[in-house]
Amino acid sequence: MEKVKRSRLAYYASKLAVESEPNLTTAQLMLYNHDLKPVEPERRQWGAWNFVGFWVADSFNINTWMISSANIVDGLSWWQSWICVWLGYSIAACFVCMTGRIGATYHISFPVINRSSFGIWGALWPVFNRAAMACIWYGVQAWIGGTCVYLMIRAIWSNWRDDTGQGGIKNGIPTSGTNTVAFVSFFFFWLGSLPFIYPPVHKIRHLFTVKAYFVPTAGIAFFIWAIVRAKGIGPIVHQSGTKHGSELGWLMVRGIMSAIANFATLIVNDPDFARFARKPSDAFLPQLITIPVGFAITSFIGIMVSSSSTVIFGNSIWNPLDLLEAFLEEGGSAQRFGVFIIAAAFALAQLGTNIAANSISAGTDMTALAPRWISIRRGGYICALVGLVMCPWNLLSTTNNFTTYLSAYSVFLSSIAGVMICDYYVVRKGYLQIKDLYSGKKTGPYYYTGGFHWRGYTAYIAGILINVVGFAGAIGRDVPTGAKRIYDLNFFAGFLVASITYWALCKISPIPATSDTWMEVGDEITEVFVAYLDSDAERYDEEVMHGGSGKGQETLGETIHGKNFLRKD
């Protein structure tokens with residue numbers, strides 16, 4: 001009987017838009033806007049095939065193409081490196097599905113979900129961190145996209161290159177850290193990206209559909225072209241690994257973790273897209289299967305093409321853009337046409353990756369930081385502006401360890417993911433009170449102490465600290481071997497420490513609005529009422545909570561007003 005009651009507790013009252021809702025408090029206006037609210041049924045337009053197309057499109061980019069190169073250079077054979085890719089992205093897909101289910105079930109984004117884990121105001125710090133990193137990555141990825149544009153232009157006009165005394169374009173900005181050709185190519189890519197920031201997220205899926213057809217086709221053509229030129233697959237596939245024993249084992253662990261770290265941003269970012277799913281199942285199997293398959297196939301193509309380049313040019317060229325430029329140097333109209341098409345495909349690949357992983361992420365985060373002034377669209381344009389003015393070429397030219405620092409950022413994201421996943425799946429057992437996630441009331445269940453959840457922050461810091469010493473070793477400091485081994489497992493270490501710490505603290509000091517049994521009610525949500533009425537009782541208070549169980553079950557039976565549910569009948 002209790003299960004029957006619970007299954008009927010999932011229909012919210014009608015929504016009220018912010019601009020016409022007199023009952024919204026000032027605190028709620030700081031927590032709510034159109035882009036932050038739960039997605040209405042008419043905007044839930046992402047079906048299963050849209051998620052397949054999204055990940056097929058996202059898997060084909062320059063970073064993925066080169067993902068196995070570092071492992072092979074370090075001493076793994078190609079098949080050992082490929083196993084690392086399969087395992088790493090399979091594990092990453094599991095994490096993506098876990099965070100994505102929250103968004104697909106309750107149709108809310110990462111910044112809103114995080115309020116249950118870190119507090120109404122405490123969630124702003126993790127959101128700010130991710131927004132800042134998304135802006136930095138936007139500039140870096142746009143710079144790589146500019147290299148694709150450079151190849152496209154040079155395929156048409158051979159003089160589109162830096163003047164080295166044998167023709168080319170004179171460098172008019174010699175003290176800038178770059179040259180005129182590279183900057184103009186970057187600016188063209190940056191400018192061409194701006195129109196794609198404009199469409200709403202539920203419609204941008206069409207970009208990924210086009211990319212899913214065009215880009216992999218061009219990649220396969222590149223693969224066939226290189227194999228034919230080399231008259232075979234080259235020596236890399238016959239090369240055995242040079243590492244053995246425990247050294248081989250830890251090298252493979254690092255290879256697996258590098259694949260997961262490459263996905264760390266998308267793990268916490270997935271609810272931003274999954275919330276537009278028509279139903280939760282649309283965001284499950286398509287992601288669980290397509291992510292490892294898509295990224296493994298792209299990585300395999302990268303290995304084979306690089307192996308062929310050893311035969312063609314006498315050395316292994318892991319960067320596909322460098323290989324395309326080498327083809328251009330040989331001359332010939334057929335070569336130029338082929339380079340133009342493939343470079344255009346890579347430019348589209350970079351565009352899609354930048355929109356998905358950076359622009360939309362930053363835009364969604366900024367809506368949470370300043371809901372009254374910023375929408376996802378405005379946030380996306382702010383992200384693009386930051387990506388331009390940060391001069392990404394300086395970051396890439398001043399240190400060879402730039403990617404090491406950026407990859408290490410997965411340590412921070414793993415702690416956020418650990419707290420978020422533990423909070424939803426273990427502590428709350430799938431139960432969220434959507435209306436209260438938009439409430440700044442001090443008595444709200446997610447307000448905790450001063451709007452900050454000290455349990456979430458304690459777990460977050462613990463997950464970071466476990467990796468701090470190992471990170472110092474990764475950037476060249478002399479640290480104990482044990483710390484290096486922990487850092488080799490950086491994402492897992494941060495995730496497990498953060499999640500276990502959070503669970504233990506919630507056991508010792510219970511929190512409100514939880515359930516003793518699994519109770520996801522979001523799949524029945526159609527429209528959400530987020531404004532508080534004067535008649536709403538003050539139901540929770542962090543200070544008086546500690547003497548009780550912290551559970552919300554007293555409102556689950558016939559008394560359903562406390563959770564703001566209305567019966568379907």
Side-chain angles (χ1 to χ4, degrees), residues 33-39 43-46 50-51 53-59 61 63 96 99-100 102-104 107-114 126-142 145 189-190 192-212 262-277 283 287 291 348-371 373-388 409 413 416-417:
N33 68 12
H34 175 78
D35 287 327
L36 282 176
K37 71 178 181 179
V39 177
R43 288 199 296 149
R44 300 173 194 171
Q45 298 180 10
W46 283 54
N50 292 122
F51 283 98
F54 175 83
W55 289 114
V56 168
D58 191 71
S59 66
N61 60 67
N63 287 340
V96 165
T99 58
I102 310 174
H107 305 286
I108 53 179
S109 59
F110 163 77
V112 178
I113 294 170
N114 240 21
V127 169
F128 172 79
N129 270 263
R130 200 188 65 159
M133 189 52 58
C135 292
I136 293 173
W137 266 116
Y138 188 95
V140 172
Q141 294 283 15
F189 180 88
W190 179 87
S193 301
L194 297 184
F196 296 94
I197 298 175
Y198 189 85
V201 181
H202 64 281
K203 291 184 178 179
I204 197 65
R205 69 188 191 281
H206 300 306
L207 169 65
F208 303 116
T209 301
V210 172
K211 180 183 171 184
N262 192 45
F263 231 70
T265 302
L266 289 165
I267 287 173
V268 297
N269 179 45
D270 196 59
D272 295 343
F273 300 95
R275 64 184 175 135
F276 293 96
Q287 298 195 105
I291 290 172
L348 179 59
Q350 288 303 114
L351 170 64
T353 299
N354 226 7
I355 296 295
N358 301 318
S359 172
I360 292 176
S361 299
T364 304
D365 293 337
M366 290 181 195
T367 61
L369 296 174
W373 299 282
I374 299 180
S375 63
I376 290 179
R377 181 179 295 156
R378 291 175 184 173
Y381 284 116
I382 293 172
C383 174
L385 182 61
V386 173
L388 174 66
Y409 195 71
L413 297 179
I416 295 172

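Computed from a predicted structure; not experimentally measured.
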In Å, rounded to the nearest 0.5 Å, how long is the span from [atom1] of [X] to [atom2] of [Y]?
X: Leu351; Y: Gln141; atom1: CG; atom2: CD; result: 11.0 Å
X: Thr364; Y: Phe273; atom1: OG1; atom2: CZ; result: 7.0 Å
X: Asp365; Y: Arg130; atom1: CG; atom2: CZ; result: 3.5 Å
X: Leu388; Y: Leu194; atom1: CG; atom2: CG; result: 9.0 Å
X: His34; Y: Arg43; atom1: NE2; atom2: CZ; result: 4.0 Å
X: Ser193; Y: Tyr138; atom1: OG; atom2: OH; result: 4.0 Å

Indicate whether any N or O donor in one side chain lies under 3.5 Å from an N or O acceptor in the other, for Gln287 and Asp270.
->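 Side chains of Gln287 and Asp270: pair found under 3.5 Å.
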Regarding Asn269 and Ser361, is there a side-chain donor-to-acceptor distance under 3.5 Å anywhere?
->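 A pair is found: one side chain offers a donor N or O, the other an acceptor, under 3.5 Å apart.
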Counting N and O atoms only, with roles assigned by atom type, does the side chain of Arg275 sit under 3.5 Å from a partner on the main chain of Pro38, one being a donor and the other an acceptor?
->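 A pair under 3.5 Å: no.
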Would you mind telling me which of Trp46, Trp55, Phe51 makes a side chain to side chain contact (heavy atoms under 4.5 Å, CB included) with Phe208?
->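 Between Phe208 and the candidates, side chain to side chain contact (heavy atoms under 4.5 Å, CB included) is satisfied uniquely by Trp46.
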Heavy-atom pair with the smallest gap, counting every atom of Ala134 and Cys383 |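 Smallest interatomic distance, heavy atoms only, reads O-SG, 4.0 Å.
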Flag this pair as yes if the NZ/CZ of Arg377 is under 6.0 angstrom from the six-membered ring centre of Tyr198 and inside a 45 degree cone about the axis; otherwise no.
->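 The answer is yes; both the distance and angle limits are met.
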